[in-house]
S.K.: 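Structure in C-alpha cells, see below.
Below, each value reflects all heavy atoms present in this structure, side chains not excepted, and no hydrogens, waters or symmetry copies.
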Amino acid sequence: MTATSRTDAVITSLDTHDVRFPTSRRLDGSDAMNPDPDYSAAYVVLRTDAGDGLEGHGFTFTIGRGNDVQVAAIEALRHHVVGRPVAALCADPGTLSRDLLWDSQLRWLGPEKGVMHMAVGAVLNAVWDLAAKREGKPLWQLLADAEPEWLVSQVDFTYLTDALTRDEALELLRRGREGAAGRRARLLERGYPGYTTSPGWLGYSDEKLVRLAREAVADGFTQIKLKVGADLDDDVRRCRLARETVGDAVRIAVDANQRWDVPEAIRWTRALAPYDPYWIEEPTSPDDVLGHAAVRRAVAPVKVATGEHVHNRVVFKQLLQAGALDVLQIDAARVAGVNENLAILLLAAKFDVPVCPHAGGVGLCELVQHLSMFDYVALSGTTEDRAIEFVDHLHEHFLTPAAVRDGHYVTPTAPGFSAQMYETSLARYTYPDGEFWASDSGETDKADETDEADEIDEIDKAEATGNTTDGPDGTGGKGSKGSKGSKGSNGTDSEREAA
C-alpha cells in the first residue's frame, strides 16, 4: 500500500485479538465472586495509511470465557471506524463516540451498558492512543494541555444536566487550570500515589498474605487491599493478620466484589470494623444505588467505595446524588472510553468526591494512571485521599508498562495511552490458536507454575517461622517488582518486538 500524507490518511483496518492469560492457575486475581479468573483482553489495533508507523491500541478487560463475545462486539463497530480520516478523528474523538453510542440497532443491546458499551470503550481508547501518539504526548498530558472548551466538547451530557451542566463543567475545567504548571512539575518529579492489592487475593495462604503485606510497606505503599466475602471467620483472621503486619499507620481497604445483600454487607463490615478498614468496596450489586446508600449510612465511619462495575455516567450520577459512596472508582475499560470517563471525573469534581481508580487486570494500571494524572493536573488539583490501585500482574507484556516507585506511580512520558502490547505476547496468548493455548506448552507451563507456586509456598512458610533461605534466584525468595519493569506472573521473555 502506498503511504499517503498525514493530512489525507484514513483508518485502513480495525484488527482484533482475543488475548487470555492463565492467571487462574496461580489464583492471581481470585476473589469471592471470581474464584478462578483467567485475565483477558479483547484487544483492538487501528492501522492507517499515513506512513508514519503509528497505530492506535486499545482493549477492554474480561476474565476468560466470554472474551470471544467481547471481541465480536468490537468487530461489530468496524464499519464506523474504517475509512475515517485520521486527522479529523484524532482532532475530535467525540464525533466517533457519538456515532458509536447512538447506532440505534447496536444501542438496543444496552443501552450504554454491558458488552456493547465496553466494545465502544475499547475502540475509543484506541483512538485516544493514536491521537496522543500523533501529538507526541502521553495521554494525561494531551488532556491536561487541552483547552477546557475542547474537553467539554468531548463529553456527552445527555441524562446528566440535572446534576452537571456544560457551563458547570467548563467552569470546573477553567478553575482546574489554575496552578496546573506547578502540579505538572510535582507529578513528573514524584508521581501519583498508589495502593496495592497484591497481598490480598482470596486464594492466597496466610503466609503469603503476610509476606506480601510486609513487602508492600517496604515498597512505600501506605494502603493495601484485601479481598473478603467468602467466609466471615477467614476474613476476620486475615484482617487481623494484615493489621498486625502493617501496623496502624497503613490503611487497609477491603473488597467484597458484590458478594452480599444489603443486610449481610452491613453485618459483615461491622464484624471487620475492629481492624479499622478504610473502605468497603462493592459491598453489594453495583446496580443497587439505594443499597449502597443504606450500607454507607450503616457502616460509617468505614467508607463505601464502588465503581469498577458501574455501567455508565448515569449510574455514577445517581450514586453521587444519593450520597451512596465516599470513594468513586472509575475503570478505564468498563465505560465508553476516555470520553465517558471525562464525564465521570467531572461529576466527581462537582460533588467533591475523591477518585481512586480500579486497576489491575490486563493493562488497567497502564490506562487509568493517565486519567488520574490528568485529574490532578487540570481538574481536581489534589491527590488528597486519592490513590490508584496497583497489582503486579502482566505488566511485562506492554511496551510502556506501569511502574511504581516508593508507593507512587511513575509518571509516563512516552506518547500514547500506554496500551500497546508486544507482538510476541499477542502471538503467544491469543486464544485458542496462540502458541500457549494451541500447543502442549499449556500443560507444561501449568506444571512449571505449580512447581513454582509450591516453591513460593515453602518460602512463605520459612519466612513465617524465621527460617528464611535464599530462593532459586538468590534473593531470599522475593519475587520481581513491577516497579522495576521486570517479569511478573505468567510472563513471557522480556525481549520482544514491538507490535
Side-chain angles (χ1 to χ4, degrees), residues 90-94 97 124-125 127-129 131-157 160 164-194 307 313 316 320 328-332 335-357 359 365-388 402 408-419:
C90 291
D92 187 5
S97 175
L124 288 175
N125 283 344
V127 170
W128 284 96
D129 180 58
K133 288 174 179 174
R134 284 170 62 90
E135 287 294 314
K137 298 177 180 180
L139 180 73
W140 68 264
Q141 184 179 346
L142 175 75
L143 295 172
D145 287 348
E147 292 296 325
E149 293 79 4
W150 183 83
L151 289 170
V152 167
S153 77
Q154 298 304 303
V155 174
D156 185 350
F157 287 90
L160 295 186
L164 177 72
T165 67
R166 290 177 182 272
D167 287 344
E168 289 172 326
L170 188 58
E171 179 58 27
L172 287 167
L173 289 163
R174 286 172 174 165
R175 288 207 307 265
R177 293 172 70 90
E178 298 171 6
R183 291 191 295 274
R184 182 198 307 268
R186 288 191 292 275
L187 180 68
L188 289 167
E189 178 183 0
R190 179 62 172 152
Y192 195 99
R313 66 199 182 282
F316 275 111
L320 291 164
L328 187 150
Q329 296 176 303
I330 60 172
D331 183 289
V335 299
V338 173
N339 301 75
E340 190 163 29
N341 267 314
L342 286 173
I344 297 163
L345 288 171
L346 285 161
L347 283 165
K350 165 75 182 293
F351 284 84
D352 195 25
V353 171
V355 176
C356 294
C365 297
E366 279 70 20
L367 297 188
V368 83
Q369 60 182 336
H370 290 270
L371 302 177
S372 283
M373 292 175 186
F374 153 73
D375 175 73
Y376 168 59
V377 171
L379 182 53
S380 71
T382 183
T383 59
E384 184 178 359
D385 289 333
R386 299 161 193 258
I388 307 169
H408 287 66
Y409 271 73
V410 177
T411 304
T413 57
F417 202 178
S418 306

S.K.: So which heavy atom on G176 is nearest to which on R183, and how close?
M.R.: O-NH2, 2.6 Å
S.K.: Could you report the tightest heavy-atom contact between A144 and A378, atom names first, then the distance?
M.R.: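 A144 and A378 have their closest heavy atoms at CA-CB, 3.9 Å.
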S.K.: If you measure from OH on Y376 to OG1 on T382, what distance do you get to the nearest 0.5 Å?
M.R.: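 Nearest 0.5 Å value for the OH-OG1 distance: 7.5 Å.
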S.K.: Shortest non-hydrogen contact from W150 to A91?
M.R.: NE1-O, 3.0 Å
S.K.: Examine distances only and state if a side-chain atom of Q141 and a backbone atom of P138 form a donor-acceptor pair shorter than 3.5 Å.
M.R.: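 No, Q141 side chain to P138 backbone: no donor-acceptor pair under 3.5 Å.
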S.K.: Do any N or O atoms from the side chain of E135 and from the backbone of A132 form a donor-acceptor pair under 3.5 angstrom?
M.R.: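 Between the backbone of A132 and the side chain of E135 there is no qualifying donor-acceptor contact (under 3.5 Å).
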S.K.: How far apart are the C-alpha atoms of N339 and W128, what are their side-chain angles, what is the distance that settles it, and do they pass the side-chain contact (heavy atoms from CB on, under 4.5 Å) test?
M.R.: CA-CA 9 Å; N339 301 75; W128 284 96; 2.8 Å; yes
S.K.: Donor-acceptor check, side chain of E366 to backbone of A419, threshold 3.5 angstrom: yes or no?
M.R.: no
S.K.: Using side-chain contact (heavy atoms from CB on, under 4.5 Å), reason through S372 and R386 one step at a time and then give a plain yes or no.
M.R.: CA-CA 9 Å; S372 283; R386 299 161 193 258; over 6 Å; no
S.K.: Search all heavy atoms of P193 against all heavy atoms of H408 and return the closest pair with its distance.
M.R.: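 That closest heavy-atom pairing would be N-CD2, 3.5 Å.
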S.K.: Between R174 and E149, does a salt bridge (Lys or Arg N to Asp or Glu O under 4.0 Å) hold up when you go through it step by step?
M.R.: CA-CA 9 Å; R174 286 172 174 165; E149 293 79 4; 2.9 Å; yes
S.K.: Name the residue from L328, V155, V355 that meets the side-chain contact (heavy atoms from CB on, under 4.5 Å) definition with I344.
M.R.: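 Of the listed residues L328, V155, V355, the side-chain contact (heavy atoms from CB on, under 4.5 Å) partner of I344 is L328.
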S.K.: Which distance, rounded to the nearest 0.5 Å, do you find between the CE of M373 and the OG1 of T383?
M.R.: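 So the gap between those two atoms works out to 11.0 Å.
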S.K.: Between L379 and L346, is the side-chain contact (heavy atoms from CB on, under 4.5 Å) condition met? List the steps.
M.R.: CA-CA 8 Å; L379 182 53; L346 285 161; 3.8 Å; yes
S.K.: Answer yes when E171 and K350 have at least one side-chain N-carboxylate O distance shorter than 4.0 Å, and no when they do not.
M.R.: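 Judged by the 4.0 Å cut-off on N to carboxylate O distance, E171 and K350 do not form a salt bridge.
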S.K.: Can you name the nearest heavy-atom pair linking A359 to C365, along with the distance?
M.R.: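 Looking at all heavy atoms of both residues, the closest pair is CB-SG, 3.7 Å.
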S.K.: How many angstroms lie between CG in N341 and NE2 in H370, if you round to the nearest 0.5 Å?
M.R.: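 Interatomic distance, N341 CG to H370 NE2, rounded to 0.5 Å: 13.0 Å.
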S.K.: Looking only at heavy atoms, what is the nearest atom pair of A387 and Y192, with distance?
M.R.: CA-CE2, 4.2 Å
S.K.: In Å, rounded to the nearest 0.5 Å, how long is the span from CD of Q369 to CG of L139?
M.R.: 10.0 Å
S.K.: Please list, chain by chain and in numerical order, all residues satisfying side-chain hydrogen bond (donor to acceptor under 3.5 Å, both in side chains) with D331, sequence neighbours excluded.
M.R.: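 Expected list: H358.
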S.K.: Do V127 and V338 have side-chain heavy atoms sitting under 4.5 Å apart?
M.R.: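 Heavy-atom side-chain distance check fails, nothing below 4.5 Å.
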S.K.: As a quick check of understanding, evaluate side-chain contact (heavy atoms from CB on, under 4.5 Å) for L151 and F374, giving each step before the final call.
M.R.: CA-CA 12 Å; L151 289 170; F374 153 73; 4.0 Å; yes
S.K.: Taking the side chain from R313 and the backbone from A336, do they hold a donor-acceptor pair closer than 3.5 Å?
M.R.: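 Checking the backbone N and O of A336 against the side chain of R313, no donor-acceptor pair under 3.5 Å is found.
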S.K.: How long is the gap from CG on L367 to CD1 on I330, to the nearest 0.5 Å?
M.R.: 10.5 Å
S.K.: Within this structure, what is the CZ-CG distance for the pair R177 and D145, rounded to the nearest 0.5 Å?
M.R.: 8.0 Å
S.K.: Would you indicate whether the side-chain heavy atoms of T413 and K137 approach each other to under 4.5 Å?
M.R.: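 No, side chains not in contact.
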